[in-house]
Amino acid sequence: MPITAELKNVKNFRSVGFTHEQSETLAETIEQAQVNGQEGLKEFIHSEIKGLRTELCAEFNSKIDNVQNALNNKL
């Protein structure tokens, strides 16, 4: 979260009665949750792409084997 968004959050929290310390803590907690969520999403996407890559390679290799077998049977 950009610093401007964090400052805006602090101001918003203060405007509804939170102390400055409470506002900062809450804004930092929200920022950290966002960072953690982004990291979790990156890890999930990386894992999914790795799984798809493995699956596609296996399928591709199977197709190549089928073509090679077909060619060998015709020779």
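Fair warning: this is a prediction, and the values are worked out from it, not measured in the lab. Residues: numbered from 1 along the sequence shown.
- When hydrophobic residues (I, L, V, M, F, W, Y) are linked wherever their side-chain heavy atoms come within less than 4.5 Å, the members clustered with V67 are L71.
- In this structure, the separation between CG on L7 and OG on S23 is 11.5 Å, given to the nearest 0.5 Å.
- Between the CG atom in N69 and the NZ atom in K74 there is a gap of 13.0 Å [rounded to 0.5 Å].
- At distances below 3.5 Å, not a single donor-acceptor pair connects side-chain atoms of S47 with backbone N or O atoms of E43.
- Under a hydrophobic-cluster definition in which Ile, Leu, Val, Met, Phe, Trp and Tyr are linked whenever side-chain heavy atoms come within less than 4.5 Å, directly or via other members, L56 and I64 are assigned to different clusters.
- With S62 contributing its side chain and A58 its backbone, the two residues share no donor-acceptor pair below 3.5 Å.
- Residues Q22 and R14 form no side-chain contact, since every pair of their non-hydrogen atoms from C-beta on lies 4.5 Å or further apart.
- Atoms CD and CD, from Q34 and Q32 in turn, are 10.0 Å apart once rounded to the nearest 0.5 Å.
- In this structure, the separation between CD on E31 and CG on N36 is 10.5 Å, given to the nearest 0.5 Å.
- Proximity of L26 to I30: side-chain heavy atoms (C-beta onward) are separated by under 4.5 Å at one or more points.
- Legend: ring pair (Phe, Tyr, Trp, His ring centres under 6.0 Å) pairs involving residues 15-55, not counting sequence neighbours, sorted by first then second residue: F13-F18.
- Interatomic distance, N66 CG to N61 CG, rounded to the nearest 0.5 Å: 11.0 Å.
- The two residues A27 and N9 make their nearest non-hydrogen contact at CB-CB, 4.2 Å.
- K42 places a side-chain heavy atom less than 4.5 Å from the side chain of E39.
- Of the N and O atoms on the side chains of N72 and Q68, not one donor lies less than 3.5 Å from an acceptor on the other residue.
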